[in-house]
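Shown next, in structure tokens, is the structure this report addresses.
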Amino acid sequence: MGMFEGKVALVTGGASGIGVAAALRFAEEGAAVVVADLNEAGAEAIAAAIRAKGGRARAIRCDVASAADNDAMVAAAKQDFGRLDAAFLNAGAYAQTGFEESGTATFDNMVAINLKGAWLGLQSVLPALERGGAAVVTASTSGVIGLNVAAAYSAAKHGVIGLVRSTSQSFAARGLRVNAICPGPVATAILGVAEQAPIQPADTLALPDYGGVLLPQHIAEVALFLASPRSGGINGQSHVVDAGYLASYPPMPE
Ligand code: NAD
């Protein structure tokens, strides 16, 4: 039996990087998966790959900065698969500009996708999740410490951590949970890595080097854990997944 047999998961940002790894792993663990992304063709390719392996999946175009799109994504899960148990609100976008170079448009865009997107996603999934279900939001280590070279992104990701804390009681009151993951560097398009690493048997994932670049699947495995009843004692927390880099200061010499 997979961890999510008979259950339904949705993944935003499911067309690339961390979202792809999570969509494929949710499906391997038995979930029907709604693959949501601004990139509809990319989302459809991942849903098709899941179906080709005998799984259940559908794609939907979703701009996470739109309340209507978030509602439509949740409605799609209910309509096609009858329920929603896990929501991995993972879509995000990065702008490498420091504070003095960032115009208001950059700030608005970073907040709209990374923070408002998470807010709207939580608004949509809260009333829809089955009791015992969970939401997981992708923040960043740059939501824990300031990232000088990406000030607006970093500020928005700090907001995501506050959002998860300040919504946790709303989730708890309905028998649900919400947590954040704060990845360090992950080998995805955001870091200029075009090729998606293949999914490996979860128990054979190699330990990354201290402070090194993680695989999307390293983050996906934590997302599945936080979305499953195995993490039933954890609510409203943010979890740094960065191969130890932020844990102690100064960083280990290279
Ligand atoms: P990625 O670029 O590979 O994937 C991001 C996906 O989000 C893309 O498919 C993109 O189309 C989608 N997306 C962007 N804007 C959207 C919108 N408005 N609505 C719906 N979908 C949208 O990057 P990734 O590394 O897989 O990023 C996933 C999450 O991880 C993001 O929230 C990112 O901020 C976070 N993160 C990544 C890293 C890293 O080093 N890669 C580190 C920390 C946090």
Side-chain angles (χ1 to χ4, degrees), residues 10-25 34-47 59-74 76 87-96 108-122 124 135-147 149-150 152-161 163-164 180-197 208 211-220 222-223 226 238-243 245-246:
L10 69 77
V11 179
T12 71
S16 179
I18 295 167
V20 169
L24 296 176
R25 286 289 294 122
V34 175
V35 185
D37 204 291
L38 203 50
N39 173 1
E40 189 174 11
E44 182 48 49
I46 301 308
I60 188 165
R61 183 196 176 277
C62 171
D63 178 354
V64 294
S66 153
D69 281 12
N70 277 284
D71 285 346
M73 166 180 79
V74 169
F88 184 30
L89 305 174
N90 161 76
Y94 178 77
Q96 183 142 328
D108 286 347
N109 189 39
M110 287 296 97
V111 169
I113 298 171
N114 294 301
L115 179 53
K116 186 180 173 196
W119 168 276
L120 293 174
L122 292 179
S124 295
V136 181
V137 184
T138 307
S140 171
T141 47
S142 44
V144 179
I145 60 163
L147 186 59
V149 296
Y153 174 82
S154 184
K157 291 296 192 182
H158 275 74
V160 171
I161 293 171
L163 173 64
V164 163
I181 302 176
C182 302
V186 185
T188 71
I190 280 186
L191 286 195
V193 178
E195 201 171 325
Q196 181 82 27
V213 176
L214 284 81
L215 293 172
Q217 193 181 348
H218 284 118
I219 310 304
V222 180
L226 290 173
S238 50
H239 306 271
V240 172
V241 184
D242 73 340
Y245 195 71
L246 287 195

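Note that ligands are numbered from 1 as they come in the structure, with each ligand's atoms numbered from 1 the same way.
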Note, Pro216 side chain near Gln196 side chain (heavy atom, < 4.5 Å): yes
So, the side chain of Ser140 versus the backbone of Cys182: is there a donor-acceptor pair under 3.5 Å, distance only? no
Is Ile181 close to Val137 at the side-chain level, that is, under 4.5 Å between some pair of heavy atoms? no
For ligand 1, find each of its N or O atoms that sits under 3.5 Å from a protein N or O atom, and tabulate the pairs with distances to one decimal place.
from	atom 1	to	atom 2	distance (Å)
ligand 1	3 (O)	Ser16	OG	2.5
ligand 1	9 (O)	Asp37	OD1	3.3
ligand 1	9 (O)	Asp37	OD2	2.6
ligand 1	11 (O)	Asp37	OD1	2.6
ligand 1	18 (N)	Asp63	OD1	2.9
ligand 1	19 (N)	Cys62	O	3.3
ligand 1	19 (N)	Val64	N	3.0
ligand 1	21 (N)	Leu38	N	3.3
ligand 1	25 (O)	Thr188	OG1	2.5
ligand 1	26 (O)	Ile18	N	2.9
ligand 1	32 (O)	Asn90	O	2.9
ligand 1	32 (O)	Lys157	NZ	2.9
ligand 1	34 (O)	Tyr153	OH	2.7
ligand 1	34 (O)	Lys157	NZ	3.1
ligand 1	40 (O)	Val186	N	2.8
ligand 1	41 (N)	Val186	O	3.2
ligand 1	41 (N)	Thr188	OG1	3.0

Any heavy-atom pair between the side chains of Leu191 and Val186 that's under 4.5 Å? no
Identify which one of Asp108, Leu115, Ile113 satisfies the side-chain contact (heavy atoms from CB on, under 4.5 Å) criterion when paired with Val111. Leu115
Under 3.5 Å side-chain donor-acceptor pair for Asp71 and Ser124: yes
